[in-house]
Amino acid sequence: MTAAADINVTRAETSKLKDINLENIPFGKYFTDHMLEVDYEDGKWKNAEIKPYQPLLLAPSLAALHYGQAIFEGIKAYKNDAGEAFIFRPYDNFKRFNTSAERMAMPQVPEEIFMEGMRMLIDIDKSWIPGQKDHSLYIRPFMFSSDEMIGVRPSEKYKFLIILSPTGPYYAAPMRINVEEHYVRAVPGGVGFAKAAGNYAGAMYATAQARAKGFDQVLWMDALEHKYVQECGVMNVFFIIGNTAVTPDLKEGTILAGVTRDSAIVLLKEMGYTVEERAISIDEITEAYKQGTLKEVFGTGTAATISMIKALNYKDFEMIFDVEQWKAAPEVKRRMDAIKAGVEVDNHGWMYKI
Ligand SMILES: *Cc1c(COP(=O)(O)O)cnc(C)c1O
């Protein structure tokens, strides 16, 4: 283990915090006073430094800009009423980051850099964690290839950074979703399970087209038959059918293993639901809707926790839901938010104390 002291700290001379009102801040717009930056070179991580948040100076030939070896994570930190700071399930994100790195032929980031760097950085910028209800500090670790050479091969140099952004309550209005029948997000053998920048780039065109037609997002289907559900936009998706919660399984590697997805599975079981991780077809969904057994459809992800789906459109058939009547999704959200805020006991060891 590298000791914490191996991360150099250069403090900002003044804090930007005094100029920012931490209430109702838009997502991803403001960044804290410091950032973590680490270089990978000659097979080793070096120059680990926490320093004032600042622009990077990069060559136009930077490999990541051309071939897209770039991955990221999204995590949140919270402050409880006693002013103590906690991060929600950061080890799960740490492990997923290295799963993404492996798939993109990028080096593994050691735990003492990812976890200790994150802990130190948040500790230094602790006053930026908003204390109000439903507010949090969004943590964005990311890595990109930094060879200054445009040959096609895995880069030899990389940069790993963590930046922090205070964020207000993310009010996720119930969404209208269109089942995407042409474009696909992920294929078996592809990179769907990696939190890779390119997955987001590849999804934007279809999403923009759905928006132009009045939908909020797309429901991605499998690439081979356009029959089985994968994800809803950049969220995992759950269907409550009778007393069973069904969510697509992760076996084919086409679905991002969401930390919120995993947490929702745990909470749904505790709430008495049977949870099935399995293939679910759009035909099964429409059939359940027609029979009146499809009760709720919702997405899960770090940004919004739970996003309810009020309408699901498949071809010319629109399934409409009265979200006011829902029980499962609001209760999962309530329980998860209460654990994060420190209002309810954390029986699962999800909260990591700074
Ligand atoms: C990040 C992400 C999710 C949600 O994962 P969480 O760990 O719950 O935030 C779901 N799907 C995709 C494609 C994602 O990139």
Side-chain angles (χ1 to χ4, degrees), residues 27-28 68 70-78 87-101 103-104 114 118 136-143 165 167 170 172 175 177 180 183-188 190-207 210 216-223 228-239 245 247-250 252-268 275 277 297-309 329 332-333 335-337 339-340 348 350-352:
F27 178 80
I71 59 170
F72 68 96
E73 270 305 327
I75 314 172
K76 277 181 174 175
Y78 302 83
I87 316 174
F88 187 69
R89 302 190 65 174
Y91 275 102
D92 297 83
N93 297 87
F94 162 63
K95 283 186 231 139
R96 186 171 73 190
F97 191 77
N98 277 335
T99 302
S100 301
R103 181 62 183 85
M104 304 308 286
F114 192 104
M118 176 163 62
S136 60
L137 185 70
Y138 184 80
I139 308 163
R140 170 52 60 88
F142 60 107
M143 169 164 55
S165 177
T167 167
Y170 190 108
M175 301 182 294
I177 303 292
E180 177 57 60
Y183 299 106
V184 296
R185 192 193 84 90
V187 299
V191 298
F193 65 89
K195 219 167 170 73
N199 282 339
Y200 280 66
M204 284 180 190
Y205 185 73
T207 310
D216 298 297
Q217 263 300 347
V218 299
L219 187 67
W220 297 110
M221 307 301 288
D222 78 282
Y228 295 98
V229 173
Q230 290 185 340
E231 299 196 53
C232 176
V234 294
M235 286 182 295
N236 295 115
V237 66
F238 285 77
F239 301 88
T247 190
D249 64 78
L250 308 174
E252 284 199 322
T254 51
I255 289 167
L256 202 287
V259 177
T260 319
R261 173 189 181 277
D262 188 72
S263 310
I265 289 173
V266 170
L267 295 178
L268 283 162
V275 180
E277 294 179 66
V297 186
F298 57 92
T300 64
T302 295
T305 310
I306 303 288
S307 289
M308 303 193 209
I309 294 171
V332 170
K333 177 156 170 55
R335 289 191 187 206
M336 222 180 289
D337 287 348
I339 293 168
K340 290 171 175 178
H348 312 95
W350 286 344
M351 304 308 286
Y352 172 94

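Note that ligands are numbered from 1 as they come in the structure, with each ligand's atoms numbered from 1 the same way. Bear in mind that the values here come from a model prediction, so they are computed numbers and not experimental data. Both backbone and side-chain heavy atoms feed into the values below; hydrogens, waters and symmetry mates do not.
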So, is [X] polar-close to ligand 1, with some N/O to N/O distance under 3.5 Å?
{"X": "Arg185", "answer": "no"}
{"X": "Lys195", "answer": "yes"}
{"X": "Asn93", "answer": "no"}
{"X": "Thr260", "answer": "yes"}
{"X": "Gly233", "answer": "no"}

Hey, does the side chain of [X] reach the backbone of [Y] with a donor-acceptor pair shorter than 3.5 angstrom?
{"X": "Asp222", "Y": "Gln230", "value": "no"}
{"X": "Ser100", "Y": "Lys195", "value": "yes"}
{"X": "Arg185", "Y": "Gly192", "value": "yes"}
{"X": "Thr247", "Y": "Val237", "value": "yes"}
{"X": "Lys76", "Y": "Thr302", "value": "yes"}

Name the closest protein heavy atom to [atom], giving the residue it belongs to and the distance to 0.1 Å.
{"atom": "atom 9 (O) of ligand 1", "answer": "Thr302 OG1, 2.5 Å"}
{"atom": "atom 11 (N) of ligand 1", "answer": "Glu231 OE1, 2.5 Å"}
{"atom": "atom 5 (O) of ligand 1", "answer": "Gly258 CA, 3.4 Å"}
{"atom": "atom 10 (C) of ligand 1", "answer": "Val234 O, 3.1 Å"}
{"atom": "atom 15 (O) of ligand 1", "answer": "Tyr200 OH, 2.5 Å"}

Please report the shortest heavy-atom distance between [X] and [Y], naming the atom on each side.
{"X": "Pro188", "Y": "Thr254", "value": "N-CG2, 3.5 Å"}
{"X": "Ser307", "Y": "Met175", "value": "CB-CE, 3.7 Å"}
{"X": "Cys232", "Y": "Ile177", "value": "SG-CD1, 3.5 Å"}

* Asked: Given Thr305, Thr300, Val259, which one has a non-hydrogen atom that is nearest to atom 7 (O) of ligand 1?
  ->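 Considering heavy atoms of Thr305, Thr300, Val259, the nearest to atom 7 (O) of ligand 1 sits in Val259.
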* Asked: Which of the atoms in ligand 1, numbered in the order shown and given with their element, are less than 4.0 Å from a heavy-atom of Asn236?
  ->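 Those qualifying, in numeric order: 10 (C).
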* To do: Check whether the ring centres of Tyr138 and Phe27 lie less than 6.0 Å apart, and answer yes or no.
  =>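 So the answer is yes for these two rings.
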* Between Leu256 and ligand 1, which residue portion shows a heavy-atom distance shorter than 4.0 Å: side chain, backbone, both, or neither? ->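 Just the side chain.
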* **Which segment of Arg96 sits under 4.0 Å of ligand 1 when only heavy atoms are counted** =>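 Arg96 to ligand 1: side-chain contact only, backbone stays beyond 4.0 Å.
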* Asked: Does Glu73 reach ligand 1, in the sense of a heavy atom lying below 4.0 Å from it?
  ->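 No, Glu73 has no heavy atom closer than 4.0 Å to ligand 1.
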* Asked: Phe298 vs Phe238 aromatic rings, parallel, tilted or perpendicular, using cut-offs 30° and 60°?
  ->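 Correct class here is parallel.
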